[in-house]
Protein chains: 2
Amino acid sequence: MNAEQPQTRIQKKNRETILEAALEVFSSESFRGATLDQIALAAGLSKPNLLYYFPSKEAIYTELLSTLLDTWLDPLRALDGSGDPIDEIIGYALRKLEMSRDFPRESRLFANEIVQGAPRILDQIEGPLRTLVDQKADLMRHWIAEGKIAEIDPHHLIFSIWATTQHYADFNVQVRGILRPDGDAHFDDAAAFLTALFRRALTPRPD
Amino acid sequence: MNAEQPQTRIQKKNRETILEAALEVFSSESFRGATLDQIALAAGLSKPNLLYYFPSKEAIYTELLSTLLDTWLDPLRALDGSGDPIDEIIGYALRKLEMSRDFPRESRLFANEIVQGAPRILDQIEGPLRTLVDQKADLMRHWIAEGKIAEIDPHHLIFSIWATTQHYADFNVQVRGILRPDGDAHFDDAAAFLTALFRRALTPRPD
DNA sequence: CGTGTTCCTGACCGTTTGGTCAATAATTAG
DNA sequence: CTAATTATTGACCAAACGGTCAGGAACACG
């Protein structure tokens, strides 16, 4: 939004270190639960030093959110009419599942924020996100009109993809508590399950 | 667990008032985020009065969790072999969806707890919940063997039901931000969507 | 009524928390 | 090397927090 200041080498490195530590702490403690001391410890810096690079705890948090929200939505933006509709949608779900496996902290960061009412990113949800989702829903309605996918509610389809994939990151401890998997092995089972689930949901039925 | 003390009329009323207020606050602020002052305000009692009825903030929270967890799992316990398998499973999903509509705070309370690593109910998850889920998964495997439902992974099916239904409670603000529904109208659409989704997933295919 | 018990609260306490600041150390530029 | 700039920190502060306690109010019961 603003013109970026000319960052020194040290500034760049330390700001990244702080944001990485903040992601670690905020994602598992939520905004109120996290403390600057925790973040400072995780970053290997002193607390006053954190506040030399960021004006406040809130500033660290909001910078994290806004930086990550964009990349978080990239897979949905990539959903377009370039391939077979059913493969496109299943591919989107699988990409989201991979993100739950590879970036669970980011998922949990947003989960915490939204469960608690999204006080700091409600604008983003009601604005850009809503527009993006509506746009993809329109695309799906075209596919339905062309008979390429079954008649299902596009919005709720998107919700169900978010829910089923993010579940493996956000409720990770529950999944692990029940399955007791070796490492990330269960993600392959989840991928197979979701592929089958959505393929069946999307395949048009003979009339 | 303990023999219950003989509760006076006032004790019963105030403990209920406190737990209701605590549910309101804890569910939207998580444990660390909630303060005794907030709960006292919501309950219409003074802070020392809260601590007259409960020994600590933690005690209020854990009592809430353990009290609610049992009823929370009732729908899953009710899943049995009494009816048509597909109707049973879809009925379970719809019951969970109704709970998301009617008791969103309870859902969010657990969501907050689990996203943050379930530090206070991990035993419950790895113990009784795991046992219950495994038991229902066995039931489903029997249905699969009998050819009554399609071949899908029972555990991941249960996860997907949890995820898709609780999504409407836990991520309520996101859903509302995108759909801008009138009241709870969108829950009927969600019910229709989920019914179709899981019916297609469960209906056995001709070989 | 009196008296024992339950209920309630204002004032207070120690700790944690986000944040400040003056002083010092490290780095960079000429 | 020197001087200016940037980076770092120990000591500190005010507010918020969970919790305590002595004493008084309300209530139950004979």
Side-chain angles (χ1 to χ4, degrees), chain A residues 2-65 109 112-113 116 119-120, chain B residues 2-65 109 112-113 116 119-120:
Chain A
N2 307 335
E4 58 255 33
Q5 309 281 38
Q7 284 200 0
T8 69
R9 180 182 50 88
I10 296 178
Q11 272 168 22
K12 199 181 173 192
K13 185 193 65 173
N14 280 351
R15 285 180 59 95
E16 276 171 18
T17 305
I18 292 168
L19 288 174
E20 157 65 26
L23 172 60
E24 183 70 25
V25 177
F26 280 133
S27 66
S28 75
E29 307 276 353
S30 87
F31 179 73
R32 283 276 332 249
T35 71
L36 286 176
D37 290 293
Q38 279 178 289
I39 299 173
L41 183 69
L45 298 172
S46 69
K47 184 169 66 168
N49 208 3
L50 290 196
L51 295 163
Y52 173 75
Y53 290 102
F54 293 90
S56 67
K57 176 186 175 183
E58 175 116 18
I60 303 177
Y61 185 70
T62 54
E63 168 130 355
L64 247 193
L65 279 183
L109 183 76
N112 267 308
E113 173 71 11
Q116 297 178 16
R120 293 154 223 271
Chain B
N2 308 336
E4 59 255 31
Q5 308 282 36
Q7 284 201 1
T8 69
R9 179 181 51 87
I10 297 179
Q11 270 169 22
K12 197 180 173 192
K13 186 193 65 176
N14 279 351
R15 284 180 61 94
E16 276 172 18
T17 305
I18 291 169
L19 288 174
E20 156 65 28
L23 173 60
E24 183 71 27
V25 177
F26 280 133
S27 66
S28 75
E29 307 275 355
S30 85
F31 179 73
R32 282 277 330 253
T35 71
L36 285 176
D37 289 292
Q38 279 178 290
I39 299 172
L41 183 70
L45 299 171
S46 68
K47 184 168 67 167
N49 207 4
L50 252 57
L51 295 163
Y52 173 75
Y53 289 101
F54 292 90
S56 68
K57 176 185 174 184
E58 175 113 18
I60 303 178
Y61 186 69
T62 54
E63 168 132 355
L64 249 192
L65 279 183
L109 183 77
N112 266 309
E113 173 70 10
Q116 295 178 17
R120 292 153 223 271

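The model shown is predicted, which means the values in this text are computed figures rather than measured ones.
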Of all residues at least two apart in sequence or in a different chain, which pass the side-chain hydrogen bond (donor to acceptor under 3.5 Å, both in side chains) check with [X]?
X	value
A:Glu20	A:Arg105
A:Tyr61	A:Glu113
A:Glu29	none
B:Arg32	none

In short, ring-ring contact (aromatic ring centres under 6.0 Å, His included) pairs touching residues 39-59 of chain A with sequence neighbours left out are none
Distance-only donor-acceptor pairs under 3.5 Å for side chains of residues 34-41 of chain A, two or more places apart:
unit_1, atom_1, unit_2, atom_2, d
A:Thr35, OG1, A:Gln38, N, 3.0
A:Thr35, OG1, A:Gln38, OE1, 3.4
A:Gln38, OE1, A:Thr35, N, 3.0

Output one line per pair: protein atom, nucleotide atom from nucleotides 6-8 of chain C, and distance, for all N/O pairs under 3.5 Å.
unit_1, atom_1, unit_2, atom_2, d
C:dC7, OP1, B:Thr8, OG1, 2.5
C:dC7, OP2, B:Gln11, NE2, 2.6
C:dC7, OP2, B:Tyr52, OH, 3.2
C:dC8, OP2, B:Asn14, ND2, 2.9
C:dC8, OP2, B:Tyr53, OH, 2.4
C:dC8, O5', B:Asn49, ND2, 3.4

So CD of A:Gln11 and NZ of A:Lys13: to nearest 0.5 Å the spacing works out to 12.0 Å
Separation between CG (B:Leu23) and CG (B:Leu65), nearest 0.5 Å, reads 10.0 Å
Filtered N/O pairs between nucleotides 12-19 of chain C and protein, under 3.5 Å:
unit_1, atom_1, unit_2, atom_2, d
C:dG18, OP1, A:Ala34, O, 3.2
C:dG18, OP1, A:Lys57, NZ, 2.8
C:dG18, OP2, A:Leu36, N, 2.9
C:dG18, N7, A:Lys47, NZ, 3.0
C:dG19, OP2, A:Lys57, N, 2.7
C:dG19, O6, A:Lys47, NZ, 3.4

5'-most to 3'-most nt of DNA chain D touching chain A (<4.0 Å, heavy-atom partner on protein side) reads D:dT6 to D:dC17
Quick note, salt bridge (Lys or Arg N to Asp or Glu O under 4.0 Å) partners involving residues 49-63 of chain B, not counting sequence neighbours, are B:Arg15-B:Glu63, B:Glu58-B:Arg120
Just list the side-chain donor-acceptor pairs under 3.5 Å for residues 42-50 of chain A, sequence neighbours left out, or say none.
unit_1, atom_1, unit_2, atom_2, d
A:Ser46, OG, A:Asn49, N, 3.3

